[in-house]
**Q** 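I have a structure here, written as structure tokens, and I will follow up with some questions on it.
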Amino acid sequence: MARSMTSPALLLGYRLYVGAFFVFLAAPLFAAGIFAFNDSLFPALPWQGFTLDWFFNDTEPKLGMFHDRRLLSGLYYSFVIALLVSLLSVFVGTTNAFLFVRREFPFKNALYIVMIVPLVIPGVILGISILVFASNIANAVWDAWEVEISLLRPGIVLVVLGQFSFIATITSLVITARLRKFDTSLEEAALNLGASRARVLFTITLPFLRPAMIAAGIVAFLVSFENFNTTLFLVGSESPLTITMYDRMAKIGSTPVLNAVSFFLMVGSGLLALLSVVAQRPGQPD
Amino acid sequence: MSRDARRLSLILLFAPFALWILLLIALPHLGILALSMREKVAPRVYEFGFGNYAEFITEPIYWNTLLRTGSMSLLVTFLALIIGFPIAYYIAKIAGKRARGALFLMCLIPLWVSDLIRAFGWILLLRESGVISRSLQWMGLTQSGIEFLYNDAAVIVGLVYTVILFMIVPLVSTLDGMGDDMIEAGYNLGGNSLTVLRRIIVPYAMPGIVAGCIVVFMMTAGSYLTPILLGGKNSSWFTEQIYNQFISRFNWEGGAAFGVLLLLFTSGVVWIGLRLSGQSLANTVARS
Amino acid sequence: MTDQTTAAFDLDCEGVTKNFGTFRAVDGVSFSIPTGTFFSILGPSGCGKTTLMRMIAGFEEPSAGDIRIKGKSVLSVPPNKRNVKMVFQHLALFPMMDVHDNIAYGLRCAGVPKAEIGARVADVLERVALPDLARRQIHQLSGGQKQRIAIARCMALNPDVLLLDEPLGALDLKLREAMKIELKLLQHQFDTTFVYITHDQSEALVMSDYVAVMNAGRFEQIGRPEELYHAPATAFVAGFVGDSNRWSGTARGTEGETVHIETETGLALGGSPRGTAPIAAGTAVEVFVRPEFITVTRATEPAPEAANHHDGTIDSVLFNGANSRVLVRPPAGGLIEADVTLTGGTSDLRAGDAVRLSWDAAQTMVFAA
Amino acid sequence: MTDQTTAAFDLDCEGVTKNFGTFRAVDGVSFSIPTGTFFSILGPSGCGKTTLMRMIAGFEEPSAGDIRIKGKSVLSVPPNKRNVKMVFQHLALFPMMDVHDNIAYGLRCAGVPKAEIGARVADVLERVALPDLARRQIHQLSGGQKQRIAIARCMALNPDVLLLDEPLGALDLKLREAMKIELKLLQHQFDTTFVYITHDQSEALVMSDYVAVMNAGRFEQIGRPEELYHAPATAFVAGFVGDSNRWSGTARGTEGETVHIETETGLALGGSPRGTAPIAAGTAVEVFVRPEFITVTRATEPAPEAANHHDGTIDSVLFNGANSRVLVRPPAGGLIEADVTLTGGTSDLRAGDAVRLSWDAAQTMVFAA
Amino acid sequence: GSAETLRLLTWGSYAPDALIEKFEEMYPDIEVEVTYSNNEEMIAKLRATGGAGFDLAQPSHDRIYAPQIEYEIYKPLDLTKINTGAMSKVHLDAVLENTTIDGEVYAVPHQWGTSGLMANTSLAPDVSGWGDLCDSQYAGKTSMRLRRTILLGTAFAMGEDPFAAYADLDAYQDLLDRVADELIECKANIKAYWQGGDDLSAMMLSGEIVASETWDSTAYKLYNENPDIVFIPPETGALTWIDTFVIPAKGQADDAAYKWINFVLDPENIKIMSASTGAIAAVPGGTELLPEDKRAAVSAAFSDEDIENLKFFANIPPGVEDMEGKTLEKIKAATGG
Ligand SMILES: Nc1ncnc2c1ncn2[C@@H]1O[C@H](COP(=O)(O)OP(=O)(O)OP(=O)(O)O)[C@@H](O)[C@H]1O
Ligand SMILES: Nc1ncnc2c1ncn2[C@@H]1O[C@H](COP(=O)(O)OP(=O)(O)OP(=O)(O)O)[C@@H](O)[C@H]1O
Ligand SMILES: NCCCCNCCCN
Ligand SMILES: [Mg+2]
Ligand SMILES: [Mg+2]
């Protein structure tokens, strides 16, 4: 192992550094989480005592998150959006994987780069470009026929499309990587054993891809859930949670209920992340 | 499969990709490109021209902000690399097999919450009445509270925090692929730790380093919430300018021009970076 | 086993050719395999073995020629409808299924009733002597077990022909040795035609009833292992099958059965002409002598009667138990390998010893180059 | 080559032990390697070979014992200061450098002046017979070329000892055969002490001056290849080195040099006691007979004089050119392997033939179990 | 089910849950969905949608005319459906005057309030004018929101009338440049620019700052927490805004929108509303409908003189928004300290 080369003192120093790094990683989350339990109207020291009011209390001024309908509906929209985004992204990620791993077509390498590009375009620009594009179409249609295509106006559909526009790259990369590892002789073996092409797809190839599809779906879900920059420009009246929280922070004032939501999200995402790890390794050493 | 079936299935596989890239990436970007070349001459009267770009060039505020955003993003990228590399190396090469997975997962923890909550957390820690300042007071290290928030350092800390895992992940995966025997061979042939790091580990990890730097740089330059929420009165970020153009000034044309400029600028920086490191997008970002 | 019309040959190929663009990977290959034979195709890497097998299985379409299974052309039969099963080089067991499901897969595809599947899986597992592994995951199997499951998965479908593409390639040395013998026993046991691809001559020789030696897309020779070894039809076969000392040279004249050769290194040899091309004085030739036919005696001791005698000193002794060998350097230069028996006693040959090498003209195979 | 004080032994280990937690991977290993020797460490997977080698190279610290290079203890010398170079199992060539830079790396580390480096790289490339590859990228090399570059990279530094950890493991069969001989020639050529790790007995036997057989962290025997093969000190060595027929059984009594055995399968054998443990009537024993010492004669023909005779029928004939073998089934059951020469003529043995197997008591190695 | 949705685009706290629940109880077919926003974002959103996506919005009275001219994002109101009689005449007239285009009325008033100063009187006793935020004795302990309000306030503090300057945009640009210089110089004095109500409250309550530019409503809330913190109408006059109701051009629930407008005019509902917003309803006696504590805060803040001196935000002519925006950017980007 590569560690054998370092002296014990150096190794200890190294470990301390790594430890400090993880403290750094945890600190803001810890701060955001812990104040959810502070019995105060402001998320700040001094510590006023422990309370669960910011989760469960049902009256102002300490309205708990589970009674705050705006936060709850934000949570709901976030969930719906994230679900749609992950389904769509996993689907397109899968077709892209087959396209780029299995098929030959002109400009394949260049198009593969094109597929990666959305990941590095600033989210703000994705948001505005899609907003402008959709508005232009909708306005043109309106000007021509006085027909309003509300799907092209800021709202859930645009948010989903906007997030999808770069999350699809993530899922494509994850699923493509897995498909590259797929030994095509498995498919030939199945054909050889008498299976039809469709059967091969559903009994061999897709099951092989499943862990990657699940993991990609979860990543897509998390990234969608926390996205702000792109969503900001595309959101209509159905605001997902990040937007709701931002509005709350910037336009109303933060109370520990925001910490409560943060805490709730940390726990939720933590569980989801754990799930994705489990999904990745059901005893398949490949 | 017959020829026709193959062609049909190719088309079916190609369609989602083409629709995605065309409708959500290419046309919208062409759209803002077109929009950016529209000058407003009077309410509801526009004509073609490069006025929005001229405005950018003649107005130091704008290009200063862009340069500031660019240079701070480079700084953040550099810091993320310097801080993240030892961590990635520890995870990939030093931690035991079990600890490795756990540490890797712990690196992903910041991803569990949104930018907003991360920034919120930093605000709670850094502000004058925040946890750090209060703790220092409590320990008697300082009399009055100290403001750690609302300055460039806070922005950099917050940004490094947000992006560092995107540096660590590709680094871990390339370093993972490097056998321990490579490092041992480096020592065995007489190299000291510095030589091994400089001549073997870093060159080997180059694709990962470049991939990490590209993603981190782009994310930083494109970030919005962190610089706004943690930044001080002097800190403007270029995305904020874009937002202002669009939202506060209803100046879509100007905002579009800024968007195009940001994209060109960051792509240019990435291109130069790839050139200098002799890597390509395909063997860096595409692999991680 | 099945109620198909019996044909003399399980598999017939006739002028099978495959072009990839301008490159001809398989070039007019014809052969017929009698029912129940262990048939090997032996050839160097890239000679077209896999391509030929993939055409038989239906994964590639021949550019020319015909392939018949049990006498019927299968050119228009899609791969999933051919009763030719295949064991892949890396076995291609389905990692997401356990052993039972791997074997049941083909049965399910064939629409075998659920109730029967269990019994047939158990039966075939019994026959490969792994009756208890039905519920194991693939990654829990050892290399040899995987091997047998891959065969079982095919055999459950009672194929007319089983194709095996270098199935031992991925195994380690010791296991490969063991599996050689085992594969032969399994073929006996199933009594099905096996077509076995390999580039390892020892595998081909040990297991096969017949071996086809393939080179650059063509079959050079088809025959029993002993024929190939002792009576190679071409220089390629002589060189590829078994170890040989090999020289290039020129024929100097013929005397009865014996042809006199001078090698490029300057050795004068008497050999027996082989192959179809005639050899006269002046013909450029390739000469092969197997190390086990060369007798090594100390220079001080009497050497046996033989057509060829060469003196030299031992350059190295390669002790390898029963298969030990010496490298002898004759004054003319180059090295000659000869098999010796080393007992570890004081009488053993050592590097530096002066020796005389002797061998018969009959063991000196001469081919026109 | 270097101006170090000459010592009788390039490498000495004394009671070297390595514990991983409670597990003892290497257990009191002692040996001395004379200058310029090809020394192999042969043992099954997991026996501690790599661990021992890593301690010599300095990548692990021994839990006990001493390691001396050219007579000086190196325990406190860091790995990059030991003049022991290592060829790794997967070679560990630096993929981001070309051949020249791989070789120059060590020279640069050693502070060799720039001007000299070019010459030394060219020189060592010459010596491994690859003078033209200096500017090739690593991935453009063939397996054998990589091998030689990995050795060249080490040899450029004039090491006292070169360690090689199963360097042929990743190569394919034919190449491995060729490299065996080549490695031995390279060692001659550089005249440096090679310590070679392998689990392949044929590699160890063919190349080495001395072989140490390792098992479960300990050295079972150190000796010349012939000694190990013909006079194994333990049952483990007898079983691990070379092919053997192997039986478990019980000693029934001793008569002069000969001990009488009954195997578990019911064969009565006369053998010669080996190893250090005394064998008396009733001792449980392991018996080994090498296939090449068993003579096969047809039941109808006279068999040679020998202490052991067993009749049986041939179960299978494994034709493998010079190394052909028959599996004979005696009435008592089990299979006995014997080497035979098959010429492809009509007189060759065939499956089903009745034969008699004969071998001497001296070739029947008996160890107390 | 078949419930109609009223998509309300409004200021934070302008749609308290209690009121929404009450409304939904009253009109079970209507579901209210609220998006919090501010003037700029409201207009930006409606511009992006061409006036679609929302059914009712609440920009301030000065933000209706120009956007409507330029983007046509509002639809004319049917005043007959609105209980205008319940509104206070000053505010209604002011709004109608500002938002009537080609004879069509686009907005009616809802709540009004002022922008001015806030100070912790125990720590900063002498704050009286906009310029005091730049007083070096409060160095590092003041704040402002970097929006047009502070531009206007500073202009007044410099003795100019920015609203008058709207008539001549060149002159206005000149004024803006001078304001910018002033504010850039002031930067060193400022701790941070606040964004919404929250950060301001936190900084003020914790004592991190002692004085700031503010919305009066924010100050009233803090007065409740700490009576030392009071709203201070600047000596040049507090800037008065009226937040209105407008119906976006492609609103799809006009009836529900009118219902909401009338609903919040009900005195009982005004009480709930004002308790939440801290602003004063644009109805006769609106101040009376403020909750006790807020009313106290208002009377602590305003003398009659101050009330006299109120300055309504004037309609923003097209183009001004952009000039101001650029000035703000310039201030933000300047490295003042
Ligand atoms: N799809 C293809 N397109 C072009 N050339 C091909 C294709 N498949 C195989 N070839 C070429 O045909 C030749 C024969 O390939 P094949 O795989 O049949 O060799 P092989 O005898 O199986 O070799 P190995 O022992 O290495 O598996 C090779 O030169 C190979 O490069
Ligand atoms: N760092 C370690 N920690 C714990 N156990 C170890 C470590 N390294 C090796 N071992 C154990 O020590 C034993 C010897 O390992 P070693 O690698 O030396 O075997 P080897 O003889 O080289 O085997 P192979 O031929 O498979 O390479 C093995 O059982 C191994 O699991
Ligand atoms: N410039 C106009 C400001 C209008 C402010 N409305 C404020 C509502 C705050 N709760
Ligand atoms: Mg092949
Ligand atoms: Mg090892």
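All figures in this text were calculated on a predicted structure; none of them were measured in a lab. To find a chain, count down the sequence lines: A is the first, B the second, and so on, and within it residues start at 1.
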**Q** Let me know if A/Phe164 has heavy atoms under 4.5 Å from chain B in its side chain, its backbone, both or neither.
**A** both
**Q** Could you have a look at B/Ala15, B/Ser223, B/Ser114 and say which one has the most heavy-atom pairs with chain A under 4.5 angstrom?
**A** B/Ser114
**Q** When you compare the side chain of A/Ser262 with that of B/Phe120, does any pair of heavy atoms fall below 4.5 Å?
**A** yes
**Q** Would you say B/Leu23 and A/Leu161 make side-chain contact, with heavy atoms under 4.5 Å?
**A** no
**Q** So which atom in A/Val124 and which in B/Gly222 form the shortest heavy-atom distance, rounded to 0.1 Å?
**A** CG2-O, 4.0 Å
**Q** Taking every heavy-atom pair that is under 4.5 Å apart, which of A/Leu265, A/Val261, A/Ile128, A/Val223 has the most such pairs with chain B?
**A** A/Ile128
**Q** What part of B/Trp252 gets within 4.5 angstrom of chain A, counting heavy atoms only: side chain, backbone, both, or neither?
**A** side chain
**Q** State the CZ-CD1 distance between A/Phe22 and B/Ile87, to the nearest 0.5 angstrom.
**A** 6.0 Å
**Q** How far apart are the C-alpha atoms of A/Val18 and B/Ile94, what are their side-chain angles, what is the distance that settles it, and do they pass the side-chain contact (heavy atoms from CB on, under 4.5 Å) test?
**A** CA-CA 11 Å; A/Val18 173; B/Ile94 297 190; over 6 Å; no
**Q** Identify which part of B/Phe17 has an atom lying under 4.5 Å from any heavy atom of chain A, answering side chain, backbone, both or neither.
**A** both
**Q** Any idea which of B/Phe217, B/Tyr224, B/Trp138 has the most non-hydrogen atom pairs under 4.5 angstrom with chain A?
**A** B/Tyr224
**Q** Name the member of A/Pro122, A/Gly162, A/Ala177 that forms the most heavy-atom pairs with chain B at distances under 4.5 Å.
**A** A/Pro122
**Q** So do the side chains of A/Val132 and B/Phe246 get within less than 4.5 Å of each other, counting heavy atoms only?
**A** yes
**Q** Need one label for A/Ala168: side chain, backbone, both or neither, based on atoms under 4.5 Å from any heavy atom in chain B.
**A** both
**Q** Under 4.5 Å, counting heavy-atom pairs only, tell me which of B/Leu165, B/Leu262, B/Thr266 racks up the most with chain A.
**A** B/Leu262
**Q** Based on non-hydrogen pairs under 4.5 Å, which of A/Gly123, A/Pro118, A/Gly127, A/Ser165 is most in contact with chain B?
**A** A/Ser165
**Q** Do A/Leu232 and B/Leu225 have side chains that approach each other closer than 4.5 Å (heavy atoms only, starting at C-beta)?
**A** no
**Q** Of the non-hydrogen atoms in A/Ser129 and B/Pro28, which two are nearest, and what is the gap between them?
**A** O-CB, 3.4 Å
**Q** Tell me, for B/Ile21 versus chain A, whether the close heavy atoms (under 4.5 Å) come from the side chain, the backbone, both or neither.
**A** side chain
**Q** In the structure I gave you, are the side-chain heavy atoms of A/Leu111 and B/Phe14 within less than 4.5 Å of one another anywhere?
**A** yes
**Q** If we ignore hydrogens and angles and just use 3.5 Å, is the side chain of B/Trp20 paired with the main-chain N or O of A/Val92 as donor and acceptor?
**A** no
**Q** Taking atom OG1 of B/Thr239 and atom CD1 of A/Ile125, what is their separation to the nearest 0.5 Å?
**A** 9.0 Å
**Q** Relative to chain A, which segment of B/Ile168 carries a heavy atom at a distance below 4.5 Å: side chain, backbone, both, or neither?
**A** side chain
**Q** Using non-hydrogen atoms and a 4.5 Å limit, figure out which bit of B/Ile117 sits close to chain A: side chain, backbone, both or neither.
**A** both
**Q** Is it the side chain or the backbone of B/Ile242 that comes within 4.5 Å of chain A heavy atoms, both, or neither?
**A** side chain
**Q** If I measure from the heavy atoms of chain B, does A/Phe228 come under 4.5 Å with its side chain, its backbone, both, or neither?
**A** side chain
**Q** For the pair A/Phe24 and B/Tyr161, name the ring-plane relationship: parallel under 30°, tilted 30 to 60°, perpendicular over 60°.
**A** perpendicular
**Q** Given the side-chain rings of B/Tyr90 and A/Phe21, with only the six-membered ring counted for Trp, is the space between their centroids under 6.0 Å?
**A** no
**Q** Is A/Asn259 close to chain B through its backbone or its side chain, or both, or neither, when contacts mean heavy atoms under 4.5 Å?
**A** both
**Q** Determine the interplanar angle of the A/Phe233 and B/Tyr243 rings, folded into 0 to 90°, and report it as parallel if under 30°, tilted if 30 to 60°, perpendicular if over 60°.
**A** perpendicular
**Q** Examine whether an atom of B/Ile83 lies under 4.5 Å from a heavy atom of chain A, and if so say whether it belongs to the side chain, the backbone or both; otherwise answer neither.
**A** both
**Q** Can you tell me which portion of B/Leu33 sits under 4.5 Å from chain A's heavy atoms? Options are side chain, backbone, both or neither.
**A** neither
**Q** Answer with side chain, backbone, both or neither: which region of B/Val196 has an atom nearer than 4.5 Å to a non-hydrogen atom of chain A?
**A** neither
**Q** Are A/Tyr17 and B/Pro86 close enough that some pair of their side-chain heavy atoms sits under 4.5 Å apart?
**A** yes
**Q** With chain A as the partner, which of B/Ala256, B/Cys107, B/Gly31 has the greatest number of non-hydrogen pairs under 4.5 Å?
**A** B/Cys107
**Q** Taking all non-hydrogen atoms of both residues into account, name the closest pair between A/Thr95 and B/Leu13 and its distance.
**A** O-CD2, 3.8 Å
**Q** With a 4.5 angstrom heavy-atom cut-off, could you sort out which part of A/Ser135 is near chain B: side chain, backbone, both or neither?
**A** side chain
**Q** Look up atom CD1 in B/Ile32 and atom CG in A/Leu126, then write down how far apart they are to the nearest 0.5 Å.
**A** 9.0 Å
**Q** Chain B heavy atoms under 4.5 Å from A/Asn229: which part of the residue, side chain, backbone, both or neither?
**A** side chain
**Q** Which distance, rounded to the nearest 0.5 Å, do you find between the CG of B/Asp115 and the OG1 of A/Thr242?
**A** 9.5 Å
**Q** Tell me, for B/Leu35 versus chain A, whether the close heavy atoms (under 4.5 Å) come from the side chain, the backbone, both or neither.
**A** side chain
**Q** For A/Thr169, which atoms come within 4.5 Å of any heavy atom of chain B: side chain, backbone, both, or neither?
**A** both
**Q** So for B/Leu229, is it side chain, backbone, both, or neither that comes closer than 4.5 Å to the heavy atoms of chain A?
**A** side chain
**Q** With a 4.5 angstrom heavy-atom cut-off, is it the side chain or the backbone of A/Ala27 that approaches chain B, or both, or neither?
**A** both
**Q** Roughly how far, to the nearest 0.5 Å, is CD1 of A/Ile130 from CG of B/Leu24?
**A** 5.0 Å
**Q** Testing the basics here: between B/Gly121 and A/Ala31, what is the closest heavy-atom pair and its distance to 0.1 Å?
**A** O-CB, 4.0 Å
**Q** What's the separation between atom CG in B/Leu116 and atom CD in A/Glu226, rounded to the nearest 0.5 Å?
**A** 10.0 Å
**Q** Just to verify, which of A/Arg197, A/Arg102, A/Arg103 counts as forming a side-chain hydrogen bond (donor to acceptor under 3.5 Å, both in side chains) with B/Ser9?
**A** A/Arg103
**Q** Taking B/Ile164, B/Asp181, B/Val260, B/Val270 one by one, which has the highest count of heavy-atom pairs under 4.5 Å against chain A?
**A** B/Ile164
**Q** Pick one of side chain, backbone, both or neither for A/Phe100, based on which atoms fall under 4.5 Å of a heavy atom in chain B.
**A** side chain
**Q** Taking all atoms of both residues into account, what is the closest heavy-atom pair of A/Leu25 and B/Pro110, and its distance?
**A** CD2-CG, 3.7 Å
